Structure formats: structure tokens, C-alpha cells
**Q** 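My structure is below; once you've seen it, I'll send some questions.
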Amino acid sequence: MEKTRAVLQAFKKLELSKTQLQDQLGGNLHSVAVKRPEIVEGQDMILVLERYKEGKLTLDMLLNWVNIVWFTDLFEYAEDQQDCIASVMSVLEELDEDQRALTLEQVDGLIDAIRQNREYGSL
């Protein structure tokens, strides 16, 4: 189980790609069971958004991260930041559904909401 925890932490911190995560955990991430999901905190969200802002993460890579964190049982949000993180994740997930772009100004607004631990409105 410690290997699984280390793999989830590495993915959360963008040290592993989606493909590498699948290879490490056995393919279908929706069927992987963990005793305790890895906790996603505001600082994890900020890291991902800043990497996107710096051009080190494409929109597709960002959306893959969002979809894995949101739609598998491998991760959950820090309890004291749950509403804030959920609001940011919701905005990011809508980008995938609507095939919209994410501007640097919007990224700054998302990061600001996380730093203030407040819910983000819609884009």
C-alpha cells in the first residue's frame, strides 16, 4: 500500500503522467481500490495551475489530472478546503465539457480563490 501512496503522491505533484499512473496501478484507474484516498490540498491545485500558467502543462494534461482526481476514488479534497477545491475543479471540468480555453487571467482568479480558501464563481 505504501507504493500506491507514493505513486498517487507523485501523480498529484505532476511527477507522473496519466499513462505512468495507469502503468503503476494496473490500467483502469476507476477500478483501483485504496484504503485511504490521497488528499488533494489547495497547494496541490496551485502547483497544477501554476505549471499550466508557465506552459509546462498543456490544457489536455491539466484536464487529465482534473478528471483523474475528480472521477476516481483515488483522491479526495482536504476537508478544510473542500468547497474551494470543488469549485475550482468544477470550473476546470466545465472546460473539458465545453471545449473552452483557459486564460491566464482566469488561472490567476482560480489561484487567488484557492489562496483565500473561498469558492470560485463561474468563468
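All values derive from a computational prediction rather than experimental measurement.
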**Q** Lys53: which residues meet the side-chain hydrogen bond (donor to acceptor under 3.5 Å, both in side chains) condition with it, sequence neighbours left out?
**A**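 Listed in chain order: Asp108.
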**Q** My understanding is that only residues two or more places apart in sequence, or in another chain, count here; which of them pass salt bridge (Lys or Arg N to Asp or Glu O under 4.0 Å) with Glu50?
**A**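 Listed in chain order: Arg115.
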**Q** Quick check: closest heavy atoms across Val107 and Tyr52, and the distance to 0.1 Å?
**A**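 Of all heavy-atom pairs spanning Val107 and Tyr52, the closest is CG2-CD2, 3.7 Å.
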**Q** Measure across Tyr120 and Ser87 and return the closest heavy-atom pair with its distance rounded to 0.1 Å.
**A**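 Tyr120 and Ser87 have their closest heavy atoms at N-OG, 2.8 Å.
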**Q** Check this for me, if you would: do Lys13 and Glu15 make a salt bridge, where the nitrogen-to-carboxylate-oxygen distance has to be below 4.0 angstrom?
**A**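 Salt bridge: no.
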**Q** Write down the atom of Val32, the atom of Asn28, and the distance for their closest heavy-atom approach.
**A**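 Scanning both residues completely, I find the closest heavy atoms to be CG2-O, 3.5 Å.
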**Q** Just to verify, what does Glu41 make a side-chain hydrogen bond (donor to acceptor under 3.5 Å, both in side chains) with, not counting sequence neighbours?
**A**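 Residues passing side-chain hydrogen bond (donor to acceptor under 3.5 Å, both in side chains) with Glu41: Gln43.
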**Q** To the nearest 0.5 Å, what is the distance between SG on Cys84 and CG on Leu110?
**A**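 Rounded to the nearest 0.5 Å, the SG-CG separation comes to 9.0 Å.
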**Q** Considering residues at least two apart in sequence or located in another chain, which fulfil the salt bridge (Lys or Arg N to Asp or Glu O under 4.0 Å) criterion with Asp112?
**A**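 Scan of Asp112 (salt bridge (Lys or Arg N to Asp or Glu O under 4.0 Å), adjacent residues dropped) gives Arg118.
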**Q** Within the 4.5 Å heavy-atom criterion, are Leu21 and Leu8 side-chain neighbours or not?
**A**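 Yes; the side chains approach each other to less than 4.5 Å.
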**Q** Are Ile39 and Leu16 linked, directly or through other ILVMFWY residues, by side chains that come within less than 4.5 angstrom of each other?
**A**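 As far as the 4.5 Å side-chain criterion goes, Leu16 and Ile39 are not connected within one cluster.
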**Q** Assess the residue pair Thr19 and Asp23 against the criterion (side chain to side chain contact (heavy atoms under 4.5 Å, CB included)); give the C-alpha distance rounded to whole Å, side-chain angles, the decisive distance to 0.1 Å, and a yes or no.
**A** CA-CA 6 Å; Thr19 302; Asp23 289 346; 4.0 Å; yes
**Q** Look up atom CG in Leu92 and atom CE in Met89, then write down how far apart they are to the nearest 0.5 Å.
**A**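 Going from the CG atom of Leu92 to the CE atom of Met89 covers 7.0 Å.
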**Q** How many angstroms lie between atom OG1 of Thr72 and atom NE2 of His30, to the nearest 0.5 angstrom?
**A**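 Taking OG1 in Thr72 and NE2 in His30, the distance rounds to 7.0 Å.
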**Q** Can Ser90 and Glu93 be counted as having a side-chain donor-acceptor contact under 3.5 angstrom?
**A**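 Distance-only check fails for Ser90 and Glu93.
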**Q** Let me have the donor-acceptor pairs involving side chains of residues 73-83, under 3.5 Å, with sequence neighbours excluded, atom names and distances please.
**A**
unit_1 : atom_1 : unit_2 : atom_2 : d
Gln81  : OE1    : Gly42  : N      : 2.9

**Q** Distance check, rounded to the nearest 0.5 Å: Asp44 atom CG versus Trp65 atom CH2?
**A**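 Output value for this atom pair is 6.0 Å.
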**Q** According to side-chain hydrogen bond (donor to acceptor under 3.5 Å, both in side chains), who are the partners of Arg51, at least two apart in sequence or on a separate chain?
**A**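 Applying side-chain hydrogen bond (donor to acceptor under 3.5 Å, both in side chains) to Arg51 gives none.
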